[in-house]
Q: 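Here it is, the structure in full.
Naming convention: chains lettered A, B, ... in sequence-line order (proteins, then strands); numbering from 1 in each chain.
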Protein chains: 2
Amino acid sequence: MEVGHPAKKGEGRPVATMVARPNIKDIARLAGVSTATVSRALSDSGVVTEATRAKVHDAARKLNYRLNVRARNLRIQKSMAVLLVVRNMANPFYLDIFKGVEGIARAAGYVVLMGNTEDDANREIEYFDMLRDGHADGMILMTGNLPQEHQVLDDRFGSAPIVVALEAIENCGLAHVDVDNRAASRTAVRHLLDLGHTRIGHIAGPVPEVLGQLRLDGFRMAMAEAGHSVPSCHEAVGDYSIQSGRRCCRRIFESETPPTALFVANDEMAFGAIGELRDMGLRVPQDVSVIGFDDLFVSDSFSPPLTTIRQPCIEIGRKTMTMLIDLMGSGRRSPQMCQMPTELVVRGSTAPLAQA
Amino acid sequence: MEVGHPAKKGEGRPVATMVARPNIKDIARLAGVSTATVSRALSDSGVVTEATRAKVHDAARKLNYRLNVRARNLRIQKSMAVLLVVRNMANPFYLDIFKGVEGIARAAGYVVLMGNTEDDANREIEYFDMLRDGHADGMILMTGNLPQEHQVLDDRFGSAPIVVALEAIENCGLAHVDVDNRAASRTAVRHLLDLGHTRIGHIAGPVPEVLGQLRLDGFRMAMAEAGHSVPSCHEAVGDYSIQSGRRCCRRIFESETPPTALFVANDEMAFGAIGELRDMGLRVPQDVSVIGFDDLFVSDSFSPPLTTIRQPCIEIGRKTMTMLIDLMGSGRRSPQMCQMPTELVVRGSTAPLAQA
DNA sequence: GGCCGATTTGTAATCGATTGCAAAAACCGG
DNA sequence: CCGGTTTTTGCAATCGATTACAAATCGGCC
């Protein structure tokens with residue numbers, strides 16, 4: 001049955017004027033072997049005579065051949081891609097994470113797809129679907145509100161390779177890497193306490209969410225341990241943005257007896273808070289000490305240089321990707337988890353309590 | 001010829017206990033039609049009776065079917081992916097660009113692959129190869145040192161959809177979007193001149209490269225227009241990092257008659273410069289005015305808030321991706337180019353020249 | 001009812017690789 | 001030189017979709 005062959009490829013066409021992309025058949029023809037042999041020769045894996053190997057490689061070089069990844073992906077049922085999903089692509093905190101993930105990924109032959117949920121649950125589900133559709137072989141999740149979708153996880157992705165990083169930790173049985181937010185926050189607050197501060201305020205992240213809650217817990221724990229009670233007007237809930245830092249700071253400092261120090265759940269809000277304090281005529285650190293969390297690239301150059309808790313972002317990215325590769329390679333193993341160390345970085349935004 | 005069918009799929013297997021991923025054949029069987037019809041019904045494009053359409057959709061829903069993108073990609077010879085290549089993934093300037101690109105891309109059904117060259121020419125070539133290999137259908141290039149690879153562009157990628165953004169403009173006949181760096185720099189310097197400054201220094205980006213050169217040109221042009229000569233010791237070349245900003249600033253202020261104002265080629269170096277000035281006991285803007293370039297997310301909250309030239313990053317990302325989609329969709333058209341507007345944002349880091 | 005044209009559906013080729021099995025070739029000791 | 005192994009190669013199926021063309025069905029009109 002003769003069905004149309006529009007622009008039938010190769011066959012009698014002179015090799016030299018080949019214009020379309022050469023494929024494995026072209027190589028086979030030129031090298032005088034079968035496609036199977038070509039495949040084996042090029043992948044270097046199969047057993048193949050040195051002579052044929054050379055012949056095939058020569059032909060491939062001559063035709064300027066490159067493997068068609070789409071065909072390969074279909075056949076081997078992989079995409080050699082991973083999905084990196086964050087809640088907000090424009091969050092500077094992710095910069096080094098991206099870098100770490102990308103570095104390990106490319107070294108292992110994977111490409112990284114950017115995913116951005118903007119905290120929209122539907123978009124999050126879309127990324128799960130992409131995983132299922134074969135767009136990627138694995139996924140790194142750095143979004144907070146996943147847990148609700150248990151159904152998604154259980155029913156449809158029982159064995160999908162997923163690593164959760166820095167968020168939504170205690171939920172499903174997924175692999176994850178994070179830091180000890182509670183302990184780190186406690187360390188931050190202890191630093192302020194050690195400087196003599198007793199009235200300490202806190203600007204938290206969104207709190208039904210795990211991350212914000214953990215840092216708030218750490219704050220309260222440290223204060224409780226030190227025997228200080230925290231009036232509710234010394235706590236405010238922001239959304240990690242500079243603007244919300246300003247807003248929360250203002251609210252806290254409108255209280256009757258404002259704090260002398262502030263533990264802020266991330267550096268961006270700390271920048272906002274410091275800006276607001278300056279606008280209110282308060283000096284940092286002389287009048288108010290401020291400590292942040294994350295250690296962004298600018299924190300060191302801010303004025304005053306920001307005391308903060310450093311998270312090893314590049315390493316977190318690397319570790320996360322490494323775990324994911326592990327997961328994708330060796331089928332589902334017992335879900336691993338890994339806690340990365342944080343570090344208190346003391347700079348110029350904190351100082352001993354001034355004697356009143 | 002009976003060849004092995006390991007775990008032969010479907011055939012007599014009860015549909016309900018189907019565990020493997022259903023494919024188009026499973027749908028066809030359940031709906032009692034051919035795979036061709038299924039494909040047409042699901043893509044909603046082909047002509048298909050409403051009745052069959054419903055039948056097929058029902059079957060698909062029942063089996064929880066999802067299209068296999070790998071198969072589809074092979075068949076239609078597309079990847080529905082674009083490559084976004086930058087010189088340094090951890091550069092905060094890219095944040096909003098990423099966001100803009102990703103937003104348009106996903107709206108159009110494309111995924112975005114992250115590419116990071118670290119200014120390594122080999123890695124850059126790898127990304128070109130990825131494009132050719134079919135990993136992606138198009139590429140956004142934001143790297144500076146591409147031009148040398150004319151060969152790559154001509155010989156092997158004559159018609160590859162590529163949009164160059166913000167860098168390496170005047171080279172090959174590729175589509176590109178950028179801003180008028182020379183004019184913007186001139187505007188920045190004029191702002192300082194208008195404030196009464198005459199001794200103005202410049203911290204430039206790497207200068208054999210186009211971008212650094214353009215901003216340097218703009219600086220010199222504005223100074224020349226105003227009739228001021230610039231001693232070479234008032235110009236320094238950095239690498240856009242905070243540290244190099246510090247370093248260059250120190251060098252410039254070691255000169256005998258240091259400038260009273262500084263135009264810095266990007267905000268990060270401006271942060272460094274301001275930090276260094278502070279360390280040297282100079283106040284910004286009282287003693288020295290500083291203007292940057294980019295308007296990073298922190299520039300507004302820096303202390304002092306940084307006067308700078310704003311680039312519309314999100315829009316640049318959007319525009320770039322839009323152009324790329326255009327290019328990919330409609331075959332090669334005449335290479336477009338687009339120049340986005342910049343804006344002088346006056347904040348607290350610049351002030352009128354103090355009367356000595 | 002029969003015929004013709006317009007719709008709808010089915011058949012099978014195709015995209016470009018990988019790979020299980022069998023056939024061919026090479027090797028080897030007797 | 002031959003039978004038996006071991007290597008190397010080739011054949012053809014396969015991954016899961018899309019689509020050109022042919023076949024079947026439908027509808028309307030005489």
Q: Closest approach to the side chain of B:R75, judged atom by atom: which nucleotide of C:dA13, C:dT18, C:dG16 is it?
A: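 Closest nucleotide among those given: C:dA13.
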Q: Indicate every side-chain donor-acceptor pair of residues 104-113 of chain B with a distance under 3.5 Å to a residue at least two apart or in another chain.
A:
| unit_1 | atom_1 | unit_2 | atom_2 | d |
| --- | --- | --- | --- | --- |
| B:R106 | NH2 | A:E126 | OE1 | 2.8 |

Q: Between the protein and nucleotides 5-9 of chain D, list the N/O to N/O atom pairs that are separated by less than 3.5 angstrom.
A:
| unit_1 | atom_1 | unit_2 | atom_2 | d |
| --- | --- | --- | --- | --- |
| D:dT8 | O3' | A:T49 | OG1 | 2.7 |
| D:dT9 | OP1 | A:T49 | OG1 | 3.2 |
| D:dT9 | OP1 | A:T52 | OG1 | 2.9 |
| D:dT9 | OP2 | A:T49 | N | 3.2 |
| D:dT9 | OP2 | A:T52 | OG1 | 3.3 |

Q: Can you pull out how bent the helix from C:dG1-D:dC30 to C:dG30-D:dC1 is, comparing the axes over its first five and last five pairs, to 10°?
A: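 Computed angle between terminal axes is 50°.
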Q: Round to the nearest Å and state the distance from A:R29 atom CZ to C:dG16 atom C1'.
A: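 It works out to 13 Å between those atoms.
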Q: Please identify each residue that fulfils side chain to side chain contact (heavy atoms under 4.5 Å, CB included) with A:K78, with sequence neighbours left out.
A: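 Side chain to side chain contact (heavy atoms under 4.5 Å, CB included) check on A:K78 returns A:I76, A:M80, A:D137.
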Q: Output all residues satisfying side chain to side chain contact (heavy atoms under 4.5 Å, CB included) with B:T320, sequence neighbours left out; order by chain, then residue number.
A: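 Partners of B:T320 under the side chain to side chain contact (heavy atoms under 4.5 Å, CB included) test: B:I140, B:V163, B:A165, B:V177, B:I316.
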Q: Can you sort out the partners of B:Y127 under side-chain hydrogen bond (donor to acceptor under 3.5 Å, both in side chains), two or more places apart, ordered by chain and number?
A: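 Listed in chain order: A:E102.
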Q: Quick one: is D:dG16 close enough that its OP1 or OP2 comes under 4.0 Å of any side-chain N or O from A:Q77?
A: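 For A:Q77, the contact criterion (side-chain N or O under 4.0 Å from OP1 or OP2 of D:dG16) is met.
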Q: Mind calculating the distance between CZ (B:R53) and P (C:dT9) to the nearest angstrom?
A: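 Going from CZ in B:R53 over to P in C:dT9 covers 12 Å.
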Q: Just how far, in rounded Å, is P of C:dG16 from CZ of A:R21?
A: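 Rounding to the nearest Å, CZ of A:R21 and P of C:dG16 are 8 Å apart.
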Q: Rounded to whole Å, please give me the gap between NZ in A:K78 and C1' in C:dT19.
A: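 Rounded to whole Å, this separation is 15 Å.
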Q: In this structure, which one of A:M337, A:M142, A:H176 forms a side-chain contact (heavy atoms from CB on, under 4.5 Å) with A:V164?
A: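 That would be A:H176.
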Q: With the side chain counted from C-beta on, respond yes when A:L141 and A:E124 share a heavy-atom pair under 4.5 Å apart, and no when they do not.
A: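 Contact flag for A:L141/A:E124 side chains = yes.
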Q: Can you name the residues that form a side chain to side chain contact (heavy atoms under 4.5 Å, CB included) with B:T35, not counting sequence neighbours?
A: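 Only B:I24, B:K25, B:A28 meet the side chain to side chain contact (heavy atoms under 4.5 Å, CB included) criterion with B:T35.
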Q: Which residues satisfy the side-chain hydrogen bond (donor to acceptor under 3.5 Å, both in side chains) test with A:N68, sequence neighbours excluded?
A: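 Applying side-chain hydrogen bond (donor to acceptor under 3.5 Å, both in side chains) to A:N68 gives none.
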Q: DNA chain C: B:A36 or A:L74, which has the more 5' nearest nucleotide?
A: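 The residue mapped nearer the 5' terminus is B:A36.
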Q: In chain order, what residues pass the side-chain hydrogen bond (donor to acceptor under 3.5 Å, both in side chains) check against B:N73, with sequence neighbours excluded?
A: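 B:N73 satisfies side-chain hydrogen bond (donor to acceptor under 3.5 Å, both in side chains) with no other residue.
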Q: What's the CD1-P distance between A:I76 and C:dG16, to the nearest Å?
A: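 Taking atom P of C:dG16 as the reference, CD1 of A:I76 is at 17 Å.
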Q: Looking at B:Y65, does any N or O in its side chain come under 4.0 Å of the phosphate oxygens OP1/OP2 on D:dA17?
A: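 Answer is yes, contact under 4.0 Å.
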Q: Return the value, rounded to whole Å, for the distance between atom CG of A:D133 and atom C1' of D:dC15.
A: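 Atom-to-atom, A:D133 to D:dC15, this comes out as 16 Å.
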Q: Let me know the distance between CE of B:M80 and C1' of D:dT18, rounded to the nearest Å.
A: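 Those two atoms, CE and C1', are 15 Å apart.
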Q: Find the distance A:L67:CG to C:dC15:C1' and express it as a whole number of Å.
A: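 Atom-to-atom, A:L67 to C:dC15, this comes out as 14 Å.
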